[in-house]
Structures are given as C-alpha cells and as structure tokens.
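Reckoned from all heavy atoms, side chains included, excluding hydrogens, waters and symmetry mates.
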Amino acid sequence: MKSYEIVVLPGDGVGPEVTGEALRVLARVESFGLFQLNTTIIPCAGSYYVAHGQEWPDGSFDRCKSADAILLGAIGHTLPNGQPVRRADGELAGYEQVIGLRTKLDLYANVRPVKLFPGVTHNISGRFRPVWTPETVDSVFFRENTEGAYAPGEFRLERGGEVELVVSPTIVTRRGAERIVRRAFELAMRRNGAPSDGKRRVTCVDKSNVIRAHRFFRDVFREVSRDFPEIECDYGYVDAFTVALVSRPERFDVVVAPNLPGDIVTDLAAFLQGGMGMAASGNIGDHHAMFEPIHGSAPDIAGKNAANPAASIMSAAMMLRWLGERHGDEGATAAADRIDLAVQSAIGSGAALTRDLGGQATTIDAADAILARLTM
Ligand code: ATP
C-alpha cells in the first residue's frame, strides 16, 4: 500500500473551515484501505503573522519541499480596521505560502478544471444561463504560474523621495512557455474533446497582437503543437476571448495562457461553473504540487459555517489524482473519481447547495451530504 506525506496549510478566513471538510473527506477515502496519508497541518499566513510575527513556523518550507503534495486553504487575514495584514516589506502576509511556494518549488502550471455540474445555479441564472449547461461547460485551463507579468524584475526610479517611474516587465522564456504548452497538449490527448464537436482542441489565449512577449509565447505554442498533429490549434486575444467564453463555452476543450491573461480568464471561467466555491485548482511542477480552491479567505463569510467546501474538496481530489498518476497508484485515482462523483451527486440532489449556489446548506451540511455519498 502506498503512503503519502501531505502538508496542509489551512491559512486564513474560510481556509481552515473548507480545508477541515476536505480533510474529513480524505480521511474517509483513506479508510477504504487503498493508500495511507500522513498529514501534517501547518498554521500559517495572515492570522499566524499577527500572533507570531512570521508567516509560518521555522522549518515549514522544508516540510513542504519534502512532502508528496501540499493542500492549501486560503490566505488573507483582515484586521479590525478592515486592512489586510501585511509583512514588513508590504506584501500580503501569506505571500510565502502562495507566491513563495509557486516560485521556490517551480509550480509552473496552474491547472483549473472548469465543469458545470447539474443542479448548480449561477446568480445570473435565467438571464444568460441558457448557454451555460453541464453539456456546454467542460474544459481545463492552464495558466502559466511563474513568469509573464508576475515575474520579478520591476524597475523603480525614485528622485527626491518621490517615485517617478515604475517599469514592470512581462517575461516569457522559451522553457517557461514550452513546458506549460506541452502540458496542455498532453492533457488534450487524454480528454474527449470540446463539448460542441468532440474535437480535441487547445486554445492559446494571449495579447500577442500588442505584447511582444505574448507573440513569443504564441510562437512557442505553434512549435509545440507540431508534436500533436491530432489536436486542433485555436487562438484568441484575451479581450475577445472573454466574450467567446461567456457566449460559446462549448467550443473550449483545453485553454493555455501566459500568467496575466490566464489569471483573468480563469476567474471568469470559475463563474461559469458556479462561482468561487466550485473552482478547484492545482499548482503543478515537475517535482512538486500544491492544490487549492481558487477562492480567497472570504472574510465576509468566515467563521459562519457558510462557505462552500466543494472547491476545497475537489482540490483534494485533484491532489489524489495527481498522486495516482505520478506513482501509478490506481487506488488514489479511484478515490479521486469517487470524491468527484460524490460532490456531483450531493450537489445534484440539492443537499450540498450552500448559499452561494442558492441553497441553504451550511459548510458542514454540504460536506456531510458529500460524505454520505462517498462509498467505495
Ligand atoms: P483573494 O484576493 O484573496 O483571491 P478575493 O478578494 O478575490 O480574494 P474571495 O475571498 O475569494 O475574494 O471572495 C470573493 C467573494 O466570493 C466573496 O463574496 C466571498 O464570500 C465569496 N466566496 C469565496 N469563497 C467562497 C466559498 N468557498 N463559498 C462561498 N462563497 C465564497
């Protein structure tokens, strides 16, 4: 039986609540006896910073580095005056857990499945909804996670104590573009194609008509695509793509984008699947991976047993699927499938509809409904 070291970083706000439910789900699938999880929970981020003056206990990074996988909750703690907790250097407390780990563990692929389950309503339902159905919304987005407009290398010019100029570069490297694009094509080979026509398609979303670095990203995309002649190449400028995604989501199978356009379109894509509470993600590199719901700490609902735990639970399922693939562990893959089915079934029945989905279920009710359907 395979055994995995898992580091859990619950973080701030709703992070500990939804992560707690994901841990209950993981404990359930572990009880099926197909694999073992050794879980280490590390308190961290803004709330920890307020109490201890640092973002996590000494040695935490090394524990993350040696773990088989990391599960993150959310970061961002708000002070009574409404201001977020910041480190001495001005970065949000929790930076080390999100950006720090992405960079130091080279988690270059931000992978976000976008799938609408039966029974999920949007808060604009009935107005634009007809095009967003479980039959039309089913794609996977790959956002480059380590360079682009978010790479370090900012230049500031200060004269007489005043900031006069700030230059923030957009960096695209051949290696950085190639590896994320290749991952996108490799996944497209294993999927069943776009909902509209069943064609395997990878769409490159960028702003290459204006930004030279994005033009390079697209050039690399074309080069990599030659290794995958079975897959249709598709292109979109990020501005026009937002309209296409909302109006014709069924066209998209796998989408790949540099960091900034990827950040924007994945938040929009999350809305198509029911919002923040439904969107799971993985930050995946060649040797390490961290999984997290895409939502933040949601201070408006924190501590109220109101957060939707589905995104965190499905992130835990993504983690098991990744472990299963990496270690050839069918037990972990089967457990991931079971979790996804249980989430779908609990939502479809109405029992796991939290307030963000138009229901009345609490965080714990929703997780209980998922657990009740989790059998092997
Ligand atoms: P960040 O900048 O840290 O990513 P954010 O400012 O984008 O965070 P979130 O914390 O993700 O914001 O919250 C955005 C909105 O979505 C809030 O109204 C919040 O209540 C809601 N929300 C976020 N996560 C959930 C969840 N799991 N269940 C229900 N509602 C959620």
Side-chain angles (χ1 to χ4, degrees), residues 109-144 148-149 180-181 183-185 187-188 191-211 214-215 217-218 221-222 225 228 230-281 293-295 308 310-311 314 344 347-348 353 356-358:
N110 186 264
V111 185
R112 297 193 185 184
V114 177
K115 196 168 165 59
L116 177 58
F117 295 158
V120 171
T121 53
H122 301 89
N123 55 14
I124 58 165
S125 287
R127 280 177 276 176
F128 304 105
R129 173 95 197 291
V131 295
W132 304 348
T133 66
E135 288 72 40
T136 60
V137 177
D138 185 0
S139 47
V140 178
F141 282 59
F142 283 77
R143 163 189 168 192
E144 204 293 321
I180 183 92
V181 169
R183 268 190 179 263
F185 275 95
L187 183 77
R191 283 174 51 89
N192 296 323
S196 62
D197 53 10
K199 277 199 181 145
R200 293 196 167 117
R201 179 178 294 123
V202 181
T203 306
C204 180
V205 175
D206 54 46
K207 193 64 188 162
S208 56
N209 50 342
V210 181
I211 299 173
H214 286 189
R215 212 171 298 162
F217 187 91
R218 199 179 267 215
F221 175 91
R222 280 203 190 87
S225 73
F228 300 89
E230 309 85 344
I231 295 179
E232 183 179 300
C233 294
D234 182 42
Y235 302 91
Y237 299 131
V238 61
D239 40 355
F241 177 80
T242 55
V243 178
L245 181 63
V246 168
S247 56
R248 291 182 298 137
E250 67 277 13
R251 182 177 161 68
F252 302 109
D253 176 16
V254 174
V255 176
V256 63
N259 209 337
L260 177 59
D263 192 4
I264 294 166
V265 297
T266 49
D267 262 26
L268 179 58
F271 190 53
L272 267 62
Q273 68 189 127
M276 294 291 181
M278 292 303 298
S281 79
I294 74 159
H295 60 75
N308 183 350
M314 290 191 292
Q344 285 193 42
I347 284 178
L353 292 178
D356 55 312
L357 301 180

Which heavy atom of [X] sits nearest a heavy atom of [Y], and at what distance?
| X | Y | result |
| --- | --- | --- |
| P134 | F117 | CG-C, 3.9 Å |
| I347 | P118 | CG2-O, 3.9 Å |
| A311 | M276 | CB-O, 3.8 Å |
| V255 | V205 | CG1-CG2, 3.6 Å |
| S247 | V243 | OG-O, 2.7 Å |
| V202 | A188 | CG2-CB, 3.7 Å |

- Query: Got a sec, which residues hit salt bridge (Lys or Arg N to Asp or Glu O under 4.0 Å) with R200, two or more places apart in sequence or on another chain?
  - Reply: none
- For residues 237-248, the salt bridge (charged side-chain N to carboxylate O under 4.0 Å, His left out) pairs (sequence neighbours left out) are K207-D239
- Any pair with a residue in residues 249-263 that passes salt bridge (charged side-chain N to carboxylate O under 4.0 Å, His left out), sequence neighbours left out, goes on the list, sorted by first then second residue, please. R143-D263, R191-D253, D234-R251
[X] [atom1] to [Y] [atom2] distance, which is reported to the nearest 0.5 Å:
| X | Y | atom1 | atom2 | value |
| --- | --- | --- | --- | --- |
| K199 | N192 | NZ | CG | 15.5 Å |
| F241 | I264 | CZ | CD1 | 12.0 Å |
| W132 | Q273 | CH2 | CD | 11.5 Å |
| M278 | L357 | CE | CG | 6.0 Å |
| N259 | E144 | CG | CD | 5.5 Å |
| L272 | D267 | CG | CG | 12.0 Å |

- Message: Working note: I211 + D206, criterion side-chain contact (heavy atoms from CB on, under 4.5 Å); need CA distance, chi angles, decisive distance, verdict.
- Response: CA-CA 9 Å; I211 299 173; D206 54 46; over 6 Å; no
- Item | Ring centres under 6.0 angstrom apart (F185, F221) | yes
- Task: Evaluate the criterion side-chain contact (heavy atoms from CB on, under 4.5 Å) for residue pair F142 and V181; output intermediate values, then yes/no.
- Result: CA-CA 8 Å; F142 283 77; V181 169; over 6 Å; no
- Item | Contact check, side chains of S208 and Y237, non-hydrogen atoms, under 4.5 Å | yes
- Item | Any V256 side-chain heavy atom under 4.5 Å of I180 side chain | yes
- Item | With F252, the side-chain contact (heavy atoms from CB on, under 4.5 Å) member among T136, L245, V114 | L245
